[in-house]
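The model shown is predicted, which means the values in this text are computed figures rather than measured ones.
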Number of protein chains: 2
Amino acid sequence: MHGDESCLVRKISHYTALSDTEKHLLNELERESRTVRRHETLVDEGETNRLFVLDSGWVYTFIHTPDGRRQILDLHFPGDVVGTNQIAFAESTCGIAAATDAVICPFPKSGLRSVFSNSPKLTALFYTFAMIDHAAVLDRLRATGRMPAASRVLLVLLQCRARLRIMDPAYSDEFELPLHQEVIGDLVGLSNISVSNALKQLKEEGLIARQGRWISFPNEERATQLIDFADHYYEIDTSWFPGL
Amino acid sequence: MHGDESCLVRKISHYTALSDTEKHLLNELERESRTVRRHETLVDEGETNRLFVLDSGWVYTFIHTPDGRRQILDLHFPGDVVGTNQIAFAESTCGIAAATDAVICPFPKSGLRSVFSNSPKLTALFYTFAMIDHAAVLDRLRATGRMPAASRVLLVLLQCRARLRIMDPAYSDEFELPLHQEVIGDLVGLSNISVSNALKQLKEEGLIARQGRWISFPNEERATQLIDFADHYYEIDTSWFPGL
DNA sequence: GGCGCGCATTAAAGTGCTTTAATTCGCACT
DNA sequence: AGTGCGAATTAAAGCACTTTAATGCGCGCC
């Protein structure tokens with residue numbers, strides 16, 4: 001675990017208050033930790049499923065096409081539980097790699113069972129997180145299928161900031177984007193060259209500003225309107241679930 | 001409800017045995033039913049969220065881009081619970097429309113709460129279904145981002161059959177595809193013209209056969225290998241969840 | 001300080017899809 | 001059988017993205 005409090009507890013506290021028992025259940029998932037290096041593959045495609053809490057750094061899940069190209073499926077940030085969306089399948093169909101140096105806390109499937117057995121509230125929240133991830137994928141599917149290159153890249157940038165804000169509202173102004181352009185392309189079906197051109201175009205149109213790896217949105221309203229971006233991530237409706 | 005037994009019960013029975021109490025809980029969700037016509041929009045984008053069990057027919061969820069094009073997000077088959085993936089968000093971000101004439105059984109959010117409160121097993125299964133839907137979207141994201149038109153269309157066809165088989169294993173040989181080519185295109189980011197060309201190409205290569213709306217796969221192994229298709233839908237791992 | 005490496009940028013040619021438009025097919029209805 | 005409409009097919013022009021390749025930039029390292 002990293003810092004005073006578990007990353008998972010901090011993320012979940014953004015949505016709801018937690019009892020000490022619940023905090024204890026979650027802390028159990030972050031007992032062991034391991035450092036991984038940028039570009040390292042944590043899980044290969046087809047390997048058996050593995051679960052971990054992401055403590056720091058960014059990781060992504062990916063899958064290759066028969067001709068060797070790559071599509072990134074999910075991007076994960078500190079506080080995310082990685083691997084839950086593969087839990088229904090015996091063997092993982094996608095690989096996991098680190099976009100930056102990262103600290104992960106692996107835990108066995110049984111750890112999840114103890115959470116689900118003991119806390120309907122946490123079960124509801126895990127369910128909700130799965131749907132938030134799902135919403136992010138749907139946004140990228142829409143962009144990948146039906147939007148031009150610049151809009152697709154803009155979506156990735158707005159999405160990253162929206163999800164970083166869950167853990168740290170200080171990201172409101174600008175944020176550091178550690179992703180290579182090839183990775184951005186693999187998120188929304190573009191080549192690295194198109195990503196470069198798109199970033200240039202977005203800068204020229206005043207929709208983004210770049211200083212090294214730091215990105216900001218000088219005209220945020222115009223940016224969100226251009227792609228109809230809605231921030232699903234910050235507020236959720238928990239009224240429908242039992243025990244909350 | 002349609003037929004002797006609820007669609008939902010039949011679908012879930014494919015995965016696990018149900019007690020009478022559980023069957024009763026599920027049947028409650030299908031008390032009321034409504035007929036909808038092909039092409040009818042059931043829910044508009046931005047409307048408040050609504051849930052229903054799909055009893056017969058096919059429906060899809062969609063979202064428009066700012067320039068008026070359309071992306072289909074999910075395709076739903078008899079036995080599916082439609083709307084659960086939007087439940088975490090106060091207002092629905094996508095619309096729902098009928099691909100064929102259909103019968104739907106609307107129920108309130110509270111219906112889901114009574115299922116979740118009373119049956120950990122059904123909760124687990126709903127969770128699993130959400131992940132199966134998610135896997136289908138991920139497959140289409142990969143295809144949309146990184147595969148040529150013919151492969152994308154082939155994926156749609158194989159995916160439809162795989163999901164129909166959940167309800168009815170008789171679909172193993174051939175199946176009726178009621179989707180317009182425009183709808184197929186909206187599933188994987190293609191124009192209707194490209195879909196037409198892709199179907200022609202697939203037929204010429206012997207990967208599919210068509211008789212009216214009926215589709216079959218004369219060389220199934222070659223078809224699945226071409227796009228690395230894995231049928232996630234038929235078998236799932238339920239070992240990780242409590243109460244099963 | 002200069003070298004070398006990884007990544008980003010720029011340019012030019014090639015390609016696969018879209019758009020537009022005309023034709024054909026399938027099928028319900030008279 | 002004949003008519004009319006929606007959808008699929010076919011063809012041709014246009015365009016956005018990819019591929020390939022060369023150049024430029026930032027940064028760690030000896």
Hey, does the side chain of A:K200 come within less than 4.0 Å of C:dT9's phosphate (OP1/OP2), counting only N and O? no

Distance, rounded to the nearest Å, where B:L199 contributes CG and C:dC17 contributes P: 13 Å

Separation of atom CD in B:Q201 from atom C1' in D:dT9, rounded to whole Å: 15 Å

For B:D186 and C:dC17, what is the distance between atoms CG and P respectively, to the nearest whole Å? 16 Å

To the closest 0.5 Å, what do you measure between SG (B:C94) and CD (B:E47)? 11.0 Å

Pick base, sugar-phosphate or nothing for A:R213, based on heavy-atom distances below 4.0 Å to the nucleic acid. nothing

For the pair A:E220 and A:R161, find out whether any cationic side-chain nitrogen is under 4.0 Å from an anionic carboxylate oxygen. yes

Examine the side chains of B:T65 and B:Q71 and answer whether a donor and an acceptor come within less than 3.5 Å of each other. no

Could you tell me whether the side chain of A:S194 and the main chain of A:L190 form a donor-acceptor pair under 3.5 Å? no

Measuring from atom CG of B:L8 to atom CG of B:D55, what distance do you get when rounded to the nearest 0.5 angstrom? 9.5 Å

Check: A:H14/A:R165 side-chain N/O donor and acceptor closer than 3.5 Å: no

How long is the line joining CD of A:Q211 and P of D:dC25, in whole Å? 18 Å

Can you sort out the partners of B:S196 under side-chain hydrogen bond (donor to acceptor under 3.5 Å, both in side chains), two or more places apart, ordered by chain and number? none

Less than 4.0 Å between a side-chain N and a carboxylate O, is that true for A:R163 and A:D133? yes

Whole-Å distance, A:L179 CG to C:dG6 C1', equals 16 Å

Using the C1' atoms of the five pairs at each end, what is the angle between the end axes of the helix from C:dG1-D:dC30 to C:dT30-D:dA1, to 10°? 30°

salt_bridge(B:R37, B:D101) N-O dist < 4.0 Å: yes

Just the rounded figure in Å: distance from P of D:dT9 to CD of B:E182. 14 Å

Pairs: protein N or O with nucleotides 15-18 of chain D N or O, under 3.5 Å:
from: D:dC17; atom 1: OP1; to: A:A149; atom 2: N; distance (Å): 2.7
from: D:dT18; atom 1: OP1; to: A:S191; atom 2: N; distance (Å): 3.0
from: D:dT18; atom 1: OP2; to: A:S191; atom 2: N; distance (Å): 3.2
from: D:dT18; atom 1: OP2; to: A:S191; atom 2: OG; distance (Å): 2.8
from: D:dT18; atom 1: OP2; to: A:S194; atom 2: OG; distance (Å): 2.3

Provide, to the nearest angstrom, the distance between the NE2 atom belonging to B:H180 and the P atom belonging to C:dG26. 15 Å

To the nearest Å, give me how far apart CH2 (B:W214) and C1' (C:dG26) are. 18 Å

